[in-house]
Amino acid sequence: MAGQQGGDRGGFGSRIGFVLAAAGSAIGLGNVWRFPYTAGQHGGAAFVVIYLVCVAAICVPVLFAELAIGRASRKNPVGAFASLAPGSWWPAVGGLGVLTGFAILAFYSVVAGWTLGYLGRALLGTFADPLTHEQSVALFERIEGAGIIPVLLTAGFLLLTALVVRGGVEAGIERAAKILMPVFFVLLVAMAIRAMTLEGSAAGLAFFLKPDLSKIDGGVFMGALGQAFFSLSLGMGAMITYGSYLSRGDRMPGAAISVALADTVIAVLAGLIIFPTIFAAGGDPQAGPGLVFVVLPSIFGKLPAGFLFAIAFYSLLVIAALTSTVSLLEVVVSYFVDERGWRRERATWLVTFACFLLAVPSALSGNFLDWQSILFGNYALTIGAMLICVFVGWRWGIPAAVEEIGRGGAPMPLAPLWGLIIRWIAPVAIAGVLIYIVATGNYM
Ligand code: TRP
């Protein structure tokens with residue numbers, strides 16, 4: 001059962017509700033959109049190898065750290081640091097997180113708006129027959145590059161997000177995530193199977209799975225690390241906030257590992273759809289943020305009941321994106337509710353409106369979007385995660401965190417190794433990558 005919380009805060013109804021909501025936060029456009037295009041830009045399989053290493057060695061430990069901070073303090077990121085380290089400057093790290101979440105929401109909702117546009121197209125039957133690559137590119141330009149349309153789609157998506165967040169954690173977030181994530185998974189598996197049996201798809205599979213280790217450079221490390229934090233919703237306090245809604249009696253380790261596994265499986269599945277399909281269709285895997293949107297339309301017409309399949313797929317992608325935008329908005333809103341004493345309703349609408357204003361330039365310019373995605377999606381999250389490690393390792397303390405993690409009855413697995421990673425390995429590795437990037441000037 002959820003812990004007791006006062007007033008407007010709310011809590012999760014159950015542990016499985018928490019797992020699905022946290023997985024809902026993690027699984028989203030980061031897996032289906034950002035992971036494939038980032039992998040495509042950074043050499044494919046070599047990137048995937050580094051990505052998996054980052055997830056296992058750095059991100060999963062950071063996930064535990066964030067959940068522990070959240071559950072120990074039962075607060076939003078700013079309040080969490082303030083209550084675990086009173087009178088220090090640590091709450092500023094939470095503040096950086098809240099700002100980062102706000103900025104991520106602003107570009108993320110633009111991309112989420114594109115998915116709404118594609119859902120509209122699916123309903124109109126555009127994907128009943130396979131589109132050629134050229135038709136697909138033209139369609140993307142009509143949705144993404146048409147001035148007012150992406151702005152309206154962004155606004156529509158932010159509105160949906162606000163409506164869920166306004167409803168509070170249990171009624172809104174948990175209920176939506178519970179039913180829909182498993183359905184999404186089944187659809188992705190079907191698409192991956194179809195993609196891998198397309199003529200000419202083998203080269204795509206090799207690009208995605210056969211690493212050419214000579215392609216690894218600082219940019220690959222930075223891209224993979226940033227993407228891993230992004231995909232697991234780490235580095236800005238989303239998991240602190242969700243941890244704060246996890247009851248003291250619930251076993252945390254299994255929950256955390258399930259979330260990380262589910263997220264990683266979905267990202268790999270997305271790669272197994274995108275790369276075989278793009279190689280079969282003759283497109284460029286380095287196309288950048290438009291990659292996935294251009295690639296997918298060519299596959300629906302080749303699936304049974306392609307028309308319905310496309311509708312189902314884009315509906316679920318919209319919902320996957322929504323459970324992620326909800327977690328981003330939730331962090332910012334919970335800050336204003338907890339720390340500033342605003343009512344949830346008022347906080348939700350004001351933050352959403354401000355976010356829309358920041359989203360407009362991204363909706364109008366792909367370059368601005370790309371730049372925001374790198375700055376906040378890679379750098380701010382990576383720096384945030386490093387500071388979270390330093391906080392848990394050196395200020396709050398490993399023993400206190402390990403105790404908090406084990407509170408529900410399942411102890412932290414490999415606690416000494418975890419302590420070593422949080423105190424030394426993760427912060428030093430992250431700092432090393434950042435320093436290397438600055439020294440080589442290889443920022444993207
Ligand atoms: N992880 C989500 C995705 O992959 C995006 C997201 C939601 C996020 N909340 C976050 C990213 C917090 C970073 C931080 O789509």
Side-chain angles (χ1 to χ4, degrees), residues 20-39 51 54-55 59-60 62-63 65-67 70 76-77 93-94 96-115 157-158 161 164-165 173 176-177 181 184 188 224-243 245 259-271 289 292 316-335 351 355 372-385 387-388:
L20 288 168
S25 164
I27 297 166
L29 298 171
N31 309 60
V32 178
W33 160 71
R34 202 174 187 269
F35 174 77
Y37 95 73
T38 313
Y51 176 82
C54 289
V55 168
C59 297
V60 168
V62 171
L63 174 58
E66 283 203 27
L67 292 176
N76 69 90
V93 174
L96 172 75
V98 171
L99 261 170
T100 303
F102 180 79
I104 290 178
L105 180 58
F107 74 78
Y108 197 96
S109 53
V110 172
V111 182
W114 301 346
T115 63
F157 204 90
L158 280 170
T161 308
V164 176
V165 168
I173 306 174
M181 287 299 115
F184 188 53
L188 286 172
L225 193 60
Q227 171 60 23
F229 287 130
F230 187 91
S231 193
L232 287 168
S233 304
L234 295 172
M236 50 68 70
M239 291 298 173
I240 293 180
T241 306
Y242 275 24
Y245 297 128
V259 170
L261 252 179
D263 184 71
T264 306
V265 167
I266 300 270
V268 170
L269 262 180
V292 176
L316 287 161
L317 191 57
V318 163
I319 288 156
L322 189 60
T323 53
S324 298
T325 51
V326 158
S327 79
L328 288 160
L329 182 57
E330 174 64 24
V331 171
V332 186
V333 166
S334 76
Y335 165 74
V351 172
C355 194
Q372 295 271 299
S373 171
I374 302 266
L375 182 64
F376 293 103
N378 278 3
Y379 287 96
L381 293 180
T382 301
I383 292 167
L387 293 169
I388 286 167

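The shown structure was predicted, so the numbers you read here are calculated from the model rather than taken from an experiment. Heavy atoms only: backbone and side chains are in, while hydrogens, waters and symmetry mates are out. Positions are given from 1 along the sequence. Just so you know, ligand 1 is whichever comes first in the structure, and atom 1 is the first atom listed for that ligand.
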Taking the side chain as every heavy atom from C-beta outward, state whether Ser109 and Thr161 have any atom pair closer than 4.5 Å.
no
Keeping Ser233 on the side-chain end and Ser324 on the backbone end, is there a donor-acceptor pair under 3.5 Å?
no
So which protein heavy atom does atom 2 (C) of ligand 1 come closest to, and at what separation?
Ser25 O, 3.1 Å
Please list the nearest protein heavy atom to atom 1 (N) of ligand 1 with its residue and the distance rounded to 0.1 Å.
Phe230 O, 2.8 Å
Do Phe230 and Ile104 come close enough that some side-chain heavy atom pair is under 4.5 Å?
yes
Supply the atom-to-atom distance Leu381 CG to Ser231 OG, rounded to the nearest 0.5 angstrom.
11.0 Å
Just heavy atoms, cut-off under 4.0 Å: does Ala26 contact ligand 1 by side chain, backbone, both, or neither?
backbone
Number the atoms of ligand 1 from 1 as they appear, then name those within less than 4.0 Å of a heavy atom of Asn31, with their elements.
4 (O)
Measuring from atom CD1 of Ile27 to atom OG1 of Thr264, what distance do you get when rounded to the nearest 0.5 angstrom?
9.0 Å
Considering heavy atoms of the protein only, find what lies nearest to atom 9 (N) of ligand 1 and give residue, atom and distance to 0.1 Å.
Ser327 OG, 3.0 Å
Short list, please: which atoms of ligand 1 are under 4.0 Å from a heavy atom of Ser231?
1 (N), 4 (O)
What is the closest protein heavy atom to atom 5 (C) of ligand 1, and at what distance does it sit?
Tyr108 CE1, 3.6 Å
Numbered atoms of ligand 1 (with element) below 4.0 Å of Leu381, judged on heavy atoms:
13 (C)
For a 4.5 angstrom cut-off between non-hydrogen side-chain atoms, does Met236 reach Leu328?
yes
Under 4.0 Å from a heavy atom of Gly30: give me the atoms of ligand 1 that qualify, with their elements.
3 (C), 4 (O), 15 (O)
Nearest protein heavy atom with distance in Å, relative to atom 6 (C) of ligand 1:
Ser233 OG, 3.5 Å
Under a 4.0 Å heavy-atom limit, does Thr325 contact ligand 1 with its side chain, its backbone, both, or neither?
neither
Can you check whether Ser25's main-chain N or O pairs, donor with acceptor, with Ser327's side chain at less than 3.5 Å?
no
Quick check: Tyr51 with Phe35 (ring centres under 6.0 Å apart)?
yes
Check: Asp263 main-chain N/O paired with Asn31 side-chain donor or acceptor under 3.5 Å:
yes
For Met236, the atoms of ligand 1 under 4.0 Å from one of its heavy atoms are 12 (C), 14 (C)
Backbone or side chain, does any N or O of Leu328 fall under 3.5 Å from an N or O of ligand 1?
no
